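Take a look at the structure below.
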Amino acid sequence: MLLNVESVSHIYNEGKPNRCVAVNNVSLQVGEKDFLCLTGKSGCGKSTLFHMICGLLPPTKGKILFQDNDIWRQDEAQLALMRNAQIGYIQQGSGLLANYTAFDNVRLPFFLHKREGDGAERAAMLLERVGLANKAENYPAELSGGEQKRVAIVRALMNDPVMLVADEPTADIDEESTHEVMRFFSELAQEGMAVLVATHDMDILSYANRVFKMKAGEIGEE
Amino acid sequence: MNHKKLTVFTLAFENIKRNRFRSVWLVILVAVFAFAIFCGTVLTGSLDNGIKTMAGRVGADLMVVAQGYEVDLEDTLLRSEPSTFYLDGEVLEGVRGIAGVEEASSQLFIASLDADCCTVPVQLIGYDPESDFTIKNWLVNVWDGALGQDDIVVGSLILAEPGDQLVFFNKVYNVVAKLDDTGMGFDSSIFMNRHAAQVMIADSGRLSADELKHRDDLTSAVMVKLSKDADAQEVAAAIQAEYPQTDAVVSSDFMRDIASRLTDISKLTIGITVLLWVVAVMVLFFVFSIVMDSRKKELGLLIALGATRKKLARIMLLESFVITLLGAICGIFAACLILFPFQTLIAGMLELPYLLPSAQVIFAYMMLSLGVTVAIGPISSLSFIRKLSKTDVYSLIKEND
């Protein structure tokens, strides 16, 4: 199993009057080639669960095994390397860095750890794949919302991760772009990547081979 | 496509370049504080240096002037305010005869209203090279010739060099030497043979022919050196008893009194400078912290992409280092453009003994100002990154959402 989420909970403001259980005792297994959609209303805990899976937010309870390693038992350097090389994360919104061009945004993860080369060829290929080769030298502010999202998607793929985690990847793009993105994710899953998508758009669930509904921090039956 | 590698340097420079407005304002802010602390430190150091060297420059144990002219003497010695005042020439011989007086020499002060060396009146001091024991002590460092009737020695702030000629009251004088800085009125003074000074007064028509006829031994001040066991106060009292129309000023008291007043001013300037340093450090630290705080989301995104906090620290350190270095260099350079070319003007405005410290001390001040201002940016960045390590990445990414 690529990912094994074991009875994970996350409580914000633990011990305070405004305590909030965002994720409650969630268990989930994800294998290679899985295309998993997590659906539910805003605030149901999807993003919190994804952040815990990506090593961005420690769980209050439970553990998350990624390739059989408890990710929250790793030191900072190991965790950073996992985020950089193993998991491609697409956050809500574009998440692009405004000071760098689309091309540099895409190849930025390549330089965050020691690697040979300059990543230019792969970055160019990825931008080509999402139809943005001609926008490589544009800064995020010069791109449309849909284009920014596509840049963020290919940036997550720069280091050829084994798992892609996308939080509301189609929230701010048009219908046509939405289906393009979902088809692209399907292709990635078919190529062997595990793809996890959080969405409240019911129209795109058909692309996934596994769908879970989340409600009040708890995950329902598949 | 030919793309450069993304390194800590390129990322930091890209951040500076793309946030031009923020970067320029930060550079200006750092420059202003670097300017202020370097100027403040040099001014304080110069005043302190001026006060310290002042006493050693007078060279006489007692100074005898016409009654009521003590203030004029202080103006002449300290503030280069030209004065012309006289006492009876017979006082010199009389003073020489008083018990406890080892040597006495007269000086003649003339305020020149115009000269081609200077845009302001200068103080001409005539001294007797034969009997002098004050001026020649420090003149010997730069010149050891005999001062002729047409020779003059200029203070460090006079715009003339040895070999030049200057005209006073239509007569040409040869500059034979230039003195080192003293931080006192001497820097704006011109020294000449006492007899030549007397002739100059006659030529200037400042005194009537009738007055001059009886006053070929015109004197402004008699400088007195006491014998070893003589008591300055007793000798001063004896001189004043003998010549009631004079004031015999004890140099040590005179200088101590001036030094005490100047020390109070010096303490105030030191206090202001220290305050300036503290305010500069606090404001810069605060501003850099605010700038860092506004970049939480950006830093969170980098961590989410796999950057270690060490890598982030290196990018942020470099960015803040470049900004503070640029600002500090600009500020200190601007300060140099004002402090050094306009030192005469500054000294004139302060009306205090103002003597720039040695080049080594100024360099040390420069390095200190540069070091402190340059360090603030990186230190506040490091402090922010440290604080960041206690915050989970999720909260950083959510910042400003």
Side-chain angles (χ1 to χ4, degrees), chain A residues 10 12 22 47-48 50-52 54-58 75-101 103-105 107-113 117-121 123-124 133 136-137 139 141 152 155-156 158-159 161 165 167, chain B residues 1-23 26 291-292 294-316 318-320 322-323 385-386 388-401:
Chain A
H10 188 84
Y12 290 109
S47 296
T48 302
F50 274 15
H51 282 111
M52 287 191 287
C54 292
L56 301 174
L57 182 70
D75 60 26
E76 203 225 323
Q78 289 169 323
L79 203 54
L81 187 62
M82 180 199 80
R83 288 193 289 248
N84 181 255
Q86 306 289 322
I87 299 174
Y89 170 64
I90 303 159
Q91 71 156 105
Q92 277 188 36
S94 85
L96 297 183
L97 290 150
N99 297 335
Y100 313 129
T101 61
F103 186 78
D104 283 344
N105 257 288
R107 67 190 185 130
L108 182 60
F110 184 84
F111 290 96
L112 294 176
H113 286 267
D118 62 4
E121 206 173 310
E137 295 306 315
Y139 286 90
R155 182 179 64 184
M158 181 64 202
N159 291 333
V165 179
D167 192 2
Chain B
M1 278 188 286
N2 183 25
H3 290 281
K4 58 182 180 236
K5 268 190 154 186
L6 291 182
T7 61
V8 168
F9 287 91
T10 53
L11 293 175
F13 279 105
E14 212 50 36
N15 288 341
I16 292 170
K17 203 175 80 184
R18 290 287 300 168
N19 292 290
R20 221 165 284 161
F21 184 77
R22 182 180 72 194
S23 305
L26 279 174
V291 170
M292 292 287 167
S294 70
R295 298 178 64 184
K296 272 184 183 172
K297 183 166 185 161
E298 177 190 337
L299 301 178
L301 284 171
L302 282 165
I303 295 174
L305 292 175
T308 56
R309 283 170 217 263
K310 200 172 151 188
K311 190 106 178 175
L312 281 190
R314 284 170 61 198
I315 296 171
M316 305 312 280
L318 189 68
E319 252 187 81
S320 50
V322 169
I323 285 171
I385 297 287
R386 258 187 82 169
L388 209 66
S389 60
K390 291 171 191 151
T391 316
D392 60 67
V393 190
Y394 175 71
S395 307
L396 295 175
I397 296 173
K398 284 277 178 189
E399 196 77 19
N400 306 326
D401 272 358

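The structure displayed is predicted, hence computed values, not measured ones. We name chains A, B, ... by the order of the sequence lines, and we start the count at 1 in each one.
- Only the backbone of A98(A) comes within less than 4.5 Å of a heavy atom in chain B; its side chain stays farther off.
- Residue I87(A): no heavy atom, backbone or side chain, is found under 4.5 Å from chain B.
- Nearest heavy atom pair, residue I303(B) against residue R83(A), reads O-NE, 3.1 Å.
- Here the side chain of E76(A) pairs a donor or acceptor atom with the backbone of R309(B) at under 3.5 angstrom.
- Looking at L305(B), the atoms closer than 4.5 Å to chain A (heavy atoms on both sides) sit in the backbone and in the side chain alike.
- Between L396(B) and K296(B), the closest heavy-atom pair is CB-O, 3.8 Å.
- Of the possible donor and acceptor atoms, one in the side chain of S23(B) sits under 3.5 Å from a partner among the backbone N and O of I16(B).
- For chain B, the option among E121(A), R107(A), R155(A) with the highest count of heavy-atom pairs below 4.5 Å is R107(A).
- For a residue to count as touching a neighbouring chain, one of its non-hydrogen atoms must lie under 4.5 Å from one of that chain's; by this rule K5(B) touches chain A with backbone and side chain alike.
- Interface remark: F50(A) contributes no atoms to any contact with chain B (heavy atom separation under 4.5 Å).
- Using a distance-only test at 3.5 Å, with no hydrogens or angles considered, a donor-acceptor pair links the side chain of N159(A) to the main chain of N84(A).
- Residue contact with chain B, scored on non-hydrogen atoms closer than 4.5 Å, involves the side chain of Y139(A) exclusively.
- Using modelled atom types, no side-chain atom of D167(A) and backbone atom of Q92(A) make a donor-acceptor pair closer than 3.5 Å.
- Contact tally against chain B (heavy-atom pairs below 4.5 Å) for Y100(A), F110(A), Y89(A): the top residue is Y100(A).
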